[in-house]
Protein chains: 2
Amino acid sequence: MIRMSKETDYGIVVLAYFASAKEGLKQNAREVAMESQLPLPMVRKILKILAREGLLVSQRGAKGGYSLTRGGERISIAEIVTAMEGPLAMTECIEAPGECRHEPVCGIRTSWQKINQIVFQALNNMTLSDLTGPLPGPMGSDPGKLVSLQ
Amino acid sequence: MIRMSKETDYGIVVLAYFASAKEGLKQNAREVAMESQLPLPMVRKILKILAREGLLVSQRGAKGGYSLTRGGERISIAEIVTAMEGPLAMTECIEAPGECRHEPVCGIRTSWQKINQIVFQALNNMTLSDLTGPLPGPMGSDPGKLVSLQ
DNA sequence: CTTAATTAGTACCAATCCAGTACTAATTAA
DNA sequence: TTAATTAGTACTGGATTGGTACTAATTAAG
């Protein structure tokens, strides 16, 4: 199954929450967990990752917390996915070239790279702001470009 | 990690093999396993699924085997993925609406549907023939359309 | 200076999922 | 009738994942 891990899914939910809140809002893990209805230990784990990867800035100590490093319109979904789970790699041969023992006789590795790239671009064309914008309705910073896909 | 399961990956490899062979070629599981360098039991399993899902036509009994039901240019990658693992669902709430307990308070489910759709369209725009075409070099029935994505 | 609150880092665990295998039944060419 | 082959299903060991626990480092406030 081609599926987002729950961790990544939650990461996007958490970031969408920050993006939809007042610009520059700082909140601690407990507050984020409350608001997003996600388990606190999980939220802690995710916030740490997002801070380490530079999508959130953290302040340690009492009255500490997290806030977005940039506006939601400047954070793509692809970037979040990459932060949570490393470079997008839909097959083993994308992530670790040379390790698949079929690689020498596999005629479609080049094609996998293209498929991977297409999916990446699709995720890269959507931003956090697109998620938190007015719903339902047209979405995306450039919906026309996306729709032209079909 | 957003990754194809090995089963799906192998399914695409196997189908690409059929598509690149002589039009209408019929081969049994053993032959396919030999050619594709994949484990025989796995190949058997995959061929069964692809036949059940209508991408391959099977002939049972001695001298039986499998062949493509259509030309490779009429089989999309999205179709293969769907055959191997059911409808593309990047999150639980896509596959089983109503089961995620966060759904009532989740502000981004509609967006997930759009992301899912974009990825699907990306995979739907690429066919088996695109995989087996001349490599290396430009690929796809309409490379320009794909490239315009960036 | 001390304390309490908070993030950072790491290690851990149970449950689920997945790649791969095994076995039996049904079908068919010879 | 036999041998070859696909159809269907069940099983398993190992990897992955969702989630937790614990300790160290940092900092605001009294």
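A note on names: the letters A, B, ... follow the listed sequences, proteins ahead of strands, and every chain is numbered from 1. Values reported hereafter were calculated over all heavy atoms of this structure, with side chains retained and with hydrogens, waters and symmetry mates removed.
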Inset, instruction - Quickly work out the A:E85 CD to D:dT16 P distance and round it to whole Å. - result: 14 Å

Inset, instruction - Would you indicate which nucleotide in D:dT20, C:dA5, D:dT6 comes nearest to any side-chain atom of A:A62? - result: C:dA5

Legend entry - A:G61 vs B:G61, nearer the 5' end of DNA chain D by closest nucleotide: B:G61

Legend entry - N or O in side chain of B:S58 less than 4.0 angstrom from D:dA7 OP1/OP2: yes

Legend entry - Separation between CE of A:M4 and CG of A:L123, rounded to the nearest 0.5 Å: 6.0 Å

Legend entry - From A:V14, A:V32, A:L47, residue fulfilling side-chain contact (heavy atoms from CB on, under 4.5 Å) relative to A:Q27: A:V32

Inset, instruction - Return the value, rounded to whole Å, for the distance between atom NZ of A:K63 and atom P of D:dA28. - result: 11 Å

Legend entry - Option from A:V81, A:T82, A:I75 for which side-chain contact (heavy atoms from CB on, under 4.5 Å) with A:E79 holds: A:I75

Inset, instruction - Check the distance between C:dG20's P and B:L38's CG and give it to me in whole angstrom. - result: 9 Å

Legend entry - Rounded interatomic separation in angstrom, taking CG from B:L50 and C1' from D:dA7: 14 Å

Inset, instruction - Looking at every strand, decide which applies to B:K48 at a 4.0 Å heavy-atom threshold: base, sugar-phosphate, or nothing. - result: base

Legend entry - From A:T91 atom OG1 to A:I108 atom CD1, the distance as rounded to the nearest 0.5 Å: 8.5 Å

Inset, instruction - For B:S129 and B:E73, indicate whether the former's side chain and the latter's backbone hold a donor-acceptor pair under 3.5 Å. - result: yes

Inset, instruction - Determine which nucleotide pairs with C:dT16, using a 3.5 Å limit on both distances of a Watson-Crick or G-U wobble pair. - result: D:dA15

Legend entry - Under 3.5 Å on both distances, the Watson-Crick or G-U partner of C:dA22: D:dT9

Inset, instruction - Give the rounded distance in Å between these two atoms: CD1 of A:I46 and C1' of C:dT7. - result: 15 Å

Legend entry - A:I80 vs A:L128 side-chain heavy atoms within contact, under 4.5 Å: yes

Inset, instruction - Using atom CD1 of A:I2 as one end and atom P of C:dC17 as the other, report the distance to the nearest whole Å. - result: 17 Å

Inset, instruction - Mind calculating the distance between CD1 (B:I49) and P (D:dA7) to the nearest angstrom? - result: 11 Å

Inset, instruction - Mind calculating the distance between CD (A:E92) and P (D:dA15) to the nearest angstrom? - result: 13 Å

Inset, instruction - Look through every strand shown and name the nucleotide pairing with C:dT27 as Watson-Crick or G-U wobble, where both distances are under 3.5 Å. - result: D:dA4

Inset, instruction - With B:S76 as reference, evaluate B:N124, B:T127, B:D130 under the side-chain hydrogen bond (donor to acceptor under 3.5 Å, both in side chains) test and give the passing residue. - result: B:N124

Legend entry - Neighbours of DNA chain D within residues 4-36 of chain A, by heavy-atom distance under 4.0 Å: A:S5, A:K6, A:E7, A:Y10

Inset, instruction - Tell me which of A:Q59 and A:K45 sits closer to the 5' end of DNA chain C, going by the nucleotide each one is nearest to. - result: A:Q59

